[in-house]
There are 2 protein chains.
Amino acid sequence: MSRSNPRVLATLERAGGFASAQEVYRLMQREGESIGLTTVYRSLQSLLNDKIVDVLRREDGEAIYRLCGGAHHHHLVCKGCGETVEIEGGAIEKWAKTMAQEFGFRDVGHTAEIFGLCPKC
Amino acid sequence: MSRSNPRVLATLERAGGFASAQEVYRLMQREGESIGLTTVYRSLQSLLNDKIVDVLRREDGEAIYRLCGGAHHHHLVCKGCGETVEIEGGAIEKWAKTMAQEFGFRDVGHTAEIFGLCPKC
DNA sequence: AGCACAAATGAAAATGATTTTCATTCCCAT
DNA sequence: ATGGGAATGAAAATCATTTTCATTTGTGCT
């Protein structure tokens, strides 16, 4: 196990809290920070583990990391500009619980994302 | 441009309307069909273009294709054995619509998956 | 049938993100 | 100082996906 390199988190913040591992790496290089790509990946993985960042997927499948609040929440993502709104999903929680019960599933989690075009796009 | 190989669509149907390109390919091989991986990718791409299938992303980023236009549904997936149950998600549809409206998003879609341990695992 | 040309096919190489390996460096407690 | 575990990063491995390119197939035309 390894802990997150603080400069990675700092860079993610500076990037607007939304970037892929490769982007964080390139950003740090451009700013003269000496770091290896491996460490960037490891740090993001660790931040994800600690629920300090969230992971989403670009359309091409590349993982993008985002700072997020600790509480469980869902996202409304704009396909055009990438803007993301954190939304509450009480209905989903209930739905997931009901469905799991109906089929006898235990230890359940869920994912739910809504994507579309925001007012500006 | 190329048109979709009909056996690819047939295989996707047989797979329960939910599979990655690699899985479709492996399935066809196992059933003795002679086809190249490239053709599978091209066909899925074409089906996507024609809006005959939908694309989602697995947690690891792999693209999975599913038939769409038919009944929209969601999945309950076992983390242990991979068993998948198709479930209905009326509550989700309503939730997505409400949220989109609230934030002025148009042209919205959504994903929702529940995962846990099935009774056998 | 024979020919020409476009579309389809697939093997192999290229690409690109991510993970793994492994040797080295760093740091801290003894 | 010194021994050991954690952190680091270069290079290789992995894996899905795309591109290249030569070959095959199909179709219309004479």
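Chain A is the first sequence line, chain B the second, and so forth, proteins listed ahead of strands; every chain is numbered from 1.
Listed pair A:N5 / D:dA7 fails the phosphate criterion, with no side-chain N or O lying under 4.0 Å from OP1 or OP2. Within the structure, every side-chain polar atom (N or O) of B:T38 is placed at least 4.0 Å from both OP1 and OP2 of C:dT9. For C:dT18, one of the phosphate oxygens OP1 or OP2 lies less than 4.0 angstrom from a side-chain nitrogen or oxygen of A:Y41.
Between the side chain of B:S43 and the backbone N or O of B:N5, at least one donor-acceptor pair lies under 3.5 Å. The main-chain N or O of B:R42 is never found under 3.5 Å from a side-chain atom of B:S46 such that the two would form a donor-acceptor pair.
Remark: A:T111 OG1 to A:H74 NE2 distance equals 8.5 Å, nearest 0.5 Å. One finds the OG1 atom of B:T98 at 11.0 Å from the CD atom of B:E93 (value rounded to the nearest 0.5 Å).
Between the C1' atom of C:dA17 and the CZ atom of A:R26 lies a distance of 10 Å, rounded to the nearest Å. When the C1' atom of C:dA17 is taken as reference, atom CD of A:E23 falls 12 Å away, rounded to whole Å. When rounded to the nearest whole Å, the span between CZ of A:R7 and P of D:dA7 equals 14 Å. We find that CZ of B:R42 is positioned 13 Å from P of C:dA7, with the value rounded to whole Å. For the pair A:R3 CZ and C:dC26 C1', the interatomic distance rounds to 14 Å; values are reported in whole Å. Distance OH (A:Y25) to C1' (D:dG9): 9 Å, rounded to an integer number of Å. Between the CD atom of A:Q45 and the P atom of C:dT18 there is a distance of 10 Å, given to the nearest Å. At whole-Å resolution of the value, CG in B:L37 and C1' in D:dT19 are 13 Å apart.
Side-chain contact check for A:Y41 and A:Q22: at least one donor-acceptor pair (N or O, by modelled atom type) lies under 3.5 Å.
Residues B:F105 and A:P119 form a side-chain contact, since some pair of their non-hydrogen atoms from C-beta on lies under 4.5 Å apart.
A salt bridge links A:R58 to A:E23: one of the charged nitrogens lies within less than 4.0 Å of a carboxylate oxygen.
Residues from residues 53-64 of chain B with heavy atoms under 4.0 angstrom of DNA chain C: there are none.
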